[in-house]
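Working notes, beginning with the structure itself.
Order of appearance sets the numbers: ligands from 1, and atoms from 1 within every ligand. Scope of the values below: all heavy atoms of this structure, side chains included, with no hydrogens, waters or symmetry mates.
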Amino acid sequence: MKKNDLVKIAIDAKKKALPQFSKFHVGAALLTNDGKIFTGANIENSSYGLTLCAERLAVFKALHDGERNFKKIAIAADSENYISPCGACRQIMIEFCGPELEVIMINSKGKHKTVKMKDLLPYSFDKEFLNNE
Ligand code: THU
């Protein structure tokens, strides 16, 4: 899977967003180590805080299907700047996809920038802090 193919799939996933309130469409495409792709798009509702971001939907779909090893996630939005995942999504991605996950952030023109998950969320909280054997 070439990086540009994953980018195209994330841009396409944006069409499935339900952003009735913000009107901000976001799409995500998550690539597993064995080449499977899970997509997501943001879903809003009238209780705003219950909004589900594109990234978390893609990760949860993959986890529900039994996937545990992830290589890359591409995220697309109609913003001039490269879309940058929110704090909640960073926590979920680092815990379930790992610090080495490549995060491809795409802007409205289809240009993109790639960073490692560990650079988006340094000093993250994880299960090692919980002393419950
Ligand atoms: N959103 C995402 O889906 N992913 C991001 O990386 C940033 C924000 C959504 C949440 C909400 O539906 C809308 O974008 C505006 O915040």
### Task
Give the C-alpha distance, both sets of side-chain angles, the deciding distance and a yes or no for side-chain contact (heavy atoms from CB on, under 4.5 Å) between I83 and F24.
CA-CA 11 Å; I83 181 69; F24 188 67; 3.8 Å; yes
### Message
Tell me the protein heavy atom at minimum distance from atom 7 (C) of ligand 1, and give that distance in Å.
### Response
I83 CD1, 4.0 Å
### Task
Carefully, step by step, assess V7 and I104 under the rule side-chain contact (heavy atoms from CB on, under 4.5 Å).
CA-CA 8 Å; V7 165; I104 307 163; 3.9 Å; yes
### Query
Below 4.0 angstrom, N of the basic side chain to O of the carboxylate: do K116 and E100 qualify?
yes
### Task
Measure the distance from atom 11 (C) of ligand 1 to every protein heavy atom, then report the residue, atom name and distance (to 0.1 Å) of the closest one.
E44 OE2, 3.2 Å
### Query
Against heavy atoms of E55, which atoms of ligand 1 measure under 4.0 Å?
2 (C), 3 (O), 4 (N), 5 (C), 6 (O)
### Query
Quick one: which ligand 1 atoms are inside 4.0 Å of a heavy atom on F24?
13 (C), 14 (O), 15 (C)
### Message
Quick test: of every protein heavy atom, which one is nearest to atom 8 (C) of ligand 1, and how far off is it to 0.1 Å?
### Response
C53 SG, 4.3 Å
### Message
Under a 3.5 Å threshold, yes or no: a donor from one side chain and an acceptor from the other, between T51 and R56?
### Response
no
### Task
Check ligand 1 against T51 and write out every atom of the ligand that is under 4.0 Å from a heavy-atom position of the residue.
10 (C), 11 (C), 12 (O)
### Query
Considering only heavy atoms, does S22 approach ligand 1 within less than 4.0 Å through its side chain, its backbone, both, or neither?
side chain
### Minimum side-chain heavy-atom gap N4-H112 below 4.5 Å
yes
### Task
Look at atom 3 (O) of ligand 1 and say whether a protein heavy atom is found at less than 4.0 angstrom from it.
yes
### Task
In sequence, state the C-alpha distance, the side-chain angles, and the governing distance for K14 and D78, and then conclude on side-chain contact (heavy atoms from CB on, under 4.5 Å).
CA-CA 9 Å; K14 237 179 4 185; D78 295 327; 2.7 Å; yes
### Message
What I want to know is whether A54 and ligand 1 share at least one N or O pair that is separated by under 3.5 angstrom.
### Response
yes
### Query
Is the closest heavy atom of S84 to ligand 1 under 4.0 Å?
yes
### Message
Quick one, I92 with F60, criterion side-chain contact (heavy atoms from CB on, under 4.5 Å). Give me CA distance, side-chain angles, the key distance, then yes/no.
### Response
CA-CA 9 Å; I92 293 298; F60 290 156; 3.9 Å; yes
### Message
Regarding T32 and D34, do their side chains bring together a donor and an acceptor under 3.5 Å, going by distance alone?
### Response
yes
### Query
Can P85 be said to touch ligand 1, with heavy atoms closer than 4.0 Å?
yes
### Message
Quick test: of every protein heavy atom, which one is nearest to atom 9 (C) of ligand 1, and how far off is it to 0.1 Å?
### Response
N42 ND2, 3.6 Å
